[in-house]
Structure formats: structure tokens, C-alpha cells
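All chains are named by letter (A, B, ...) in the order of the sequence lines, taking the proteins before the strands, and each is independently numbered beginning at 1.
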2 protein chains.
Amino acid sequence: MGTPRAERADAARNRQLLLATAREMVAEQGVENVTMDALADRAALGKGTVFRRFGTRAGIFHALLDDDERAFQERALSGPPPLGPGAGPVERLVAYGQARIGFLLEHYDIARAALDGSQPAPAGEGTISRVHIRMLLGQASLGAADLDMLAVQLTAALEGPFLLYLSASDPADAARHTGRMAQSWQDLVQRICRT
Amino acid sequence: MGTPRAERADAARNRQLLLATAREMVAEQGVENVTMDALADRAALGKGTVFRRFGTRAGIFHALLDDDERAFQERALSGPPPLGPGAGPVERLVAYGQARIGFLLEHYDIARAALDGSQPAPAGEGTISRVHIRMLLGQASLGAADLDMLAVQLTAALEGPFLLYLSASDPADAARHTGRMAQSWQDLVQRICRT
DNA sequence: CCAATAAACGGACTTCACCCCGCTTAGTAT
DNA sequence: ATACTAAGCGGGGTGAAGTCCGTTTATTGG
């Protein structure tokens, strides 16, 4: 009763199939050519199925990105310092931001496609970055600031330049600014966290 | 030769008509019911005309928002302190953020509709906020940081919580967090700008 | 193994953003 | 005035997202 019944086996299989197929299509033809019809056709499934599984076009890319983020999260949570535990919280914050910038650059188009002006929170409430940053802020001993909101602001400051401000042009353009973004992130974090 | 020839009179008239009509429709039926067809019909113009004028659906809302922002910008540039000139730069930064939060809340749905996963930078390079924040940062005497990038980060930290993180649910939900956002913005700015 | 049932499936259908291109008209030069 | 031309206009056409509902199938309890 509490459990809303697990996903049926065929459904799970199809989800995997669709994800794999989508990844192929992205690699071969670029994000913009992954249409719901084409994806359904290539996976030899009905269009209805695709929508049932992912709800929306953006949903597919969101799922794809989630996959990729799992490995990244692993490194941040239990990898070697300064990204993983073992370094001080501020040092880890800096390292996290720099790693995240690299990650976003690497997955630029999928991340962009996962965005969508519609209902579900684009990089929503439960983002990896927000949670991780919140955790590290808790370890740095700042004054009695509103750490939850600060985490949201910092996440925006970190990812915004990509998702909001540099999204106009192509990845190459974003790549050109990567160095400055990383440096500036370090400055920002250190300014905020100095006692 | 340098001037690409001014907009024709009838074109300008139609632009105004469309803007006014769009505003009516937003007021009466909400943003999501403003379709290009409906707008064209109601303004008694062809659909092609609408696209010629605004390029894209988001373009309409962008234009609408620009209008509203003009008044806001006026206050920030030459209104009474602490928002306008006369107060110190840090004080003005704080005031700007708080005013901007109010503005965004007030224009929530249009701002959201002006966004769009496509080419033109959503809140792009030339945003009012970015430019204004950049200016004030220049007046605060910070160390030799990368002020341009810092301005981008701060803009994201200010507007991101709306456009990126709270966009999931309805305005009422965002309104509930407004106070915390304003307070947190103040903290953030003061942390960054303290010598 | 069999019946029952809730989930999954497929694909036609609807709705909309955006494109295209032949026709019309405002501005301008003679 | 008149003729010329570039800008503007209209609205049918296209492609893709998302919905609906009748049909099929995995799962579970007997």
C-alpha cells in the first residue's frame, strides 16, 4: 500500500532502451535532431510510450544528464581531496565549483536541452550542486546566515553563467570564458567565507 | 547608409497595437493563452506580421518586459536614494537587489514567458541588472577582482532563485520566500564587499 | 494454469510555433 | 503626380510536442 507498486519489467527495459537510443542519436545527429517521433521510431516503440516514460522532451535529456551526474557526484562525495573529503570545506567548495564548470562544459548541449521553460524546476530544488554546496557551507563556520538560501544563491552564481548568461552562443564561446569563471568562483567563495 | 533605415510608420503602429493587445490578453486570459494566432486575430492582423515584428513568441513577452523595465531602470538610475544616486555603492547594491526582487515578483509570469530555451540569451548579456550591478561594483572599491564576471555571478545569484530555482511552482510560492531572499541578498553583498 | 486488473502500449489526432512567398503599400526620388 | 523599390503584410503550409483512448500484456492471487 505504501509502495505505489514497482515499475513493470517491460517498462524498465523500454526506459533503458530509449535512453540508450537517445544517446546514440545525440552522438550521431546532435541534440536538436532528437525528436520524439524519431526517437520512438528508432527504438521501434510508439510515441505514446516515450511520453509515458519521460513526460516531456526535456525529461529525456534530464534523465540522460542524471546518469552522467551520478559519476560526478561520486567523485565529489567520496573521491580524493580537494574535491572529496579530506580537505577543508572552503577548499572543497572551490574545487567543487571548478569541477562543476568542467562538467557543465562537457555536457553543454544535453544540459541545455534538459532546460525548458515549462513547469518542472529546470535544475530544480533537489539539484546536486545545491545540496552539495549546502553541505559544505554547513561545515565552513560562517555566522548565522541563512545557509539554505545562500546555497541557492551560490548555485545560481556557479551555474547561472552557463545556463543563463552564456547560453546564447555555442559551447566554444562558453569554453573561452571557463578560466575566468573558475578564477572568479574561487574569489567569490573566498570573499564570502573569510572570517 | 550607416542607418539601416528607420522602421516604417505602419509597422511602428502595428507594433504598438500588438503590444497593447498582448497586454490585454495577458490580463484577461493569462500568459499561456496568448498564442500567436489568437494575438494576430484579436489585433486583426496576419500571423506573419506578428512574427515579423517579434521574431518569436518569447520575443513578445521580452518586449512587454522591456517596457516595464524602463520605469524600473529610471528609478535605479536617477531616483531617490538608497536606490538612486546619493547613497554609497554597497547600500545601493542592497537596495537594488531588494527592488529587483519585488519587480520580478510583480512580473513573474511575463518574465517567465520571456524566457525560452532557444538562441537569444534569456536574460542575456545586456541585462539591466548586470549592467547596473557592474556599475555599482566599480564604485565600491574592491580589490582587483574580475568585476565583469563578478557582476554576472551576482546577477545570477539575484535573479537565479526566481528564474532558475523557484520557477517550478506558482508565484505564490515564490512570494513566500521573498523576504528571505531579500535578507539573504543583503548578507551576500555585505559579505562580498566588506573590506 | 487461469482469471482479473492495473499498467503499458501504439498511433491517430490536436494544437501551436514558426516558415514561405506572392501581393500590397509606405516612403522617395524625379 | 508618378513610378520605383524595399519594407511590410497575409495566411496557408509544415513539423514537432503533447493528448487520448481503445487494445495488449505483465503481474498477482487463487
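In this structure, the side chain of A:R57 does not engage the main chain of A:A113 through any donor-acceptor pair within 3.5 Å. Between the side chain of B:R194 and the backbone N or O of B:R191, at least one donor-acceptor pair lies under 3.5 Å. With hydrogens and angles ignored, the 3.5 Å screen pairs a side-chain donor or acceptor of B:T35 with a backbone N or O of B:A38.
For the pair A:K47 NZ and C:dG11 C1', the interatomic distance rounds to 8 Å; values are reported in whole Å. The nearest whole Å value for the distance from the CG atom in A:D10 to the P atom in C:dA7 is 13 Å. Remark: P of C:dC20 and CZ of B:R52 are 13 Å apart, rounded to the nearest angstrom. Separating the CZ atom of B:F51 from the P atom of D:dG8 is a distance of 17 Å, rounded to the nearest angstrom. The distance between atom CE of B:M36 and atom P of D:dG11, rounded to the nearest whole Å, is 16 Å. Put simply, CG on B:D41 is 14 Å from C1' on D:dG12, counting in whole angstrom units. One can place CZ of B:R42 at 18 Å from P of D:dG10, the figure rounded to the nearest angstrom. Summarising the geometry, the separation between CG on A:N14 and P on C:dA7 is reported as 17 Å, rounded to the nearest angstrom.
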Working for side chain to side chain contact (heavy atoms under 4.5 Å, CB included), residues A:L137 and A:I133: CA-CA 6 Å; A:L137 283 177; A:I133 288 176; 4.0 Å; yes

Side chain to side chain contact (heavy atoms under 4.5 Å, CB included) between A:R42 and A:E24, worked out: CA-CA 10 Å; A:R42 176 144 171 180; A:E24 284 173 23; 2.8 Å; yes

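The phosphate of D:dG18 (OP1 or OP2) has a side-chain N or O of A:T56 nearer than 4.0 angstrom. Distances shown here put a side-chain N or O of B:T49 below 4.0 Å from the OP1 or OP2 atom of D:dG10. Residue A:R53 places at least one side-chain N or O closer than 4.0 Å to OP1 or OP2 of C:dA8. Residue A:R13 has no polar side-chain atom (N or O) positioned under 4.0 Å from OP1 or OP2 of D:dA26.
Across all strands, B:R8 comes closer than 4.0 Å to base atoms (heavy-atom distances). Within the nucleic acid shown, A:R15 has no heavy atom closer than 4.0 Å to any nucleic acid atom. Residue B:R57 is in sugar-phosphate contact alone, with no base atom involved, counting any heavy-atom pair closer than 4.0 Å across all strands shown.
Annotation: side chain of B:Q153 is in contact with side chain of A:W185 (closest heavy-atom distance under 4.5 Å).
The residue from A:Q73, A:R134, A:R100 that alone fulfils the side-chain hydrogen bond (donor to acceptor under 3.5 Å, both in side chains) condition with A:S129 is A:R100.
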Interface polar pairs with nucleotides 28-30 of chain D, N/O, under 3.5 angstrom:
none

